[in-house]
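My questions all concern the structure below.
Just so you know, these numbers use all the heavy atoms, side chains as well, and skip hydrogens, waters and symmetry mates.
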Amino acid sequence: KLIKAGAPLSSPIAMCALPNGNMIVANGTAGGGGNKLVELTPSGQVLDTEVIDTGSVPAIFGLASSGSNDSDTVIYYTDTNDNSVHELEP
């Protein structure tokens, strides 16, 4: 079953599930669509987007989440532009 196709997704390369059932997807294209996270519901509704690296090349290749509910969920991502692992700030 297709969940979501088209904008704001742009060459999605990583995804993680959140405790509430939503998904965070990382775009992998360079330029305006790259290094952007997209939060989707299980039915494909876009809830939010956030650019997390302003570099000109795709850099976000790994995502993970931890927590048991919305108030304590933490999202982590890898960034190859600065060779690091980050915790997404709320």
Practice problem: Give the minimum heavy-atom separation between Gly67 and Pro19, together with the two atoms involved. | Solution: O-CG, 3.3 Å
Practice problem: Using distance alone, with no hydrogens and no angle criterion, decide if Ser71 and Asn69 have a side-chain donor and acceptor under 3.5 Å apart. | Solution: yes
Exercise. Let me know which of Ile60, Thr54, Val57 forms a side chain to side chain contact (heavy atoms under 4.5 Å, CB included) with Asn35.
Key: Ile60
Quiz item: Of the non-hydrogen atoms in Ala59 and Asp79, which two are nearest, and what is the gap between them?
Solution: CB-OD1, 3.3 Å
Quiz item: Given the rule that I, L, V, M, F, W and Y join up when any side-chain heavy atoms are under 4.5 Å apart, are Leu9 and Val46 in one cluster?
Solution: yes
Practice problem: Give the C-alpha distance, both sets of side-chain angles, the deciding distance and a yes or no for side chain to side chain contact (heavy atoms under 4.5 Å, CB included) between Leu18 and Ile75. | Solution: CA-CA 9 Å; Leu18 301 177; Ile75 299 169; 3.9 Å; yes
Quiz item: Hey, is CG on Asn83 packed in by over 12 heavy atoms from elsewhere, all under 6.0 Å?
Solution: no
Exercise. Please round to the nearest 0.5 Å and tell me the distance separating atom CG of Asn27 and atom NZ of Lys36.
Key: 6.5 Å
Exercise. Mind listing the closest non-hydrogen atom pair of Gly55 and Asn81 along with its distance?
Key: CA-ND2, 3.8 Å
Quiz prompt | Min side-chain heavy-atom separation Leu37-Glu39 under 4.5 Å | solution = no
Quiz item: Any idea which heavy atoms bring Met23 and Thr41 closest together, and the distance?
Solution: CE-O, 3.3 Å
Practice problem: Would you sort out whether Glu50 and Leu88 count as a side chain to side chain contact (heavy atoms under 4.5 Å, CB included), showing the intermediate values? | Solution: CA-CA 10 Å; Glu50 183 175 347; Leu88 185 64; 4.1 Å; yes
Quiz item: In Å, rounded to the nearest 0.5 Å, how long is the span from CG of Leu40 to CD1 of Ile24?
Solution: 8.0 Å
Quiz item: Just wondering, do Pro42 and Asn22 contact through their side chains at under 4.5 Å, heavy atoms?
Solution: yes
Exercise. Only pairs at least two apart or in different chains count here, so list each side-chain hydrogen bond (donor to acceptor under 3.5 Å, both in side chains) that has a residue in residues 57-68.
Key: Ser68-Asp72
Quiz item: Do Lys4 and Val25 come close enough that some side-chain heavy atom pair is under 4.5 Å?
Solution: no
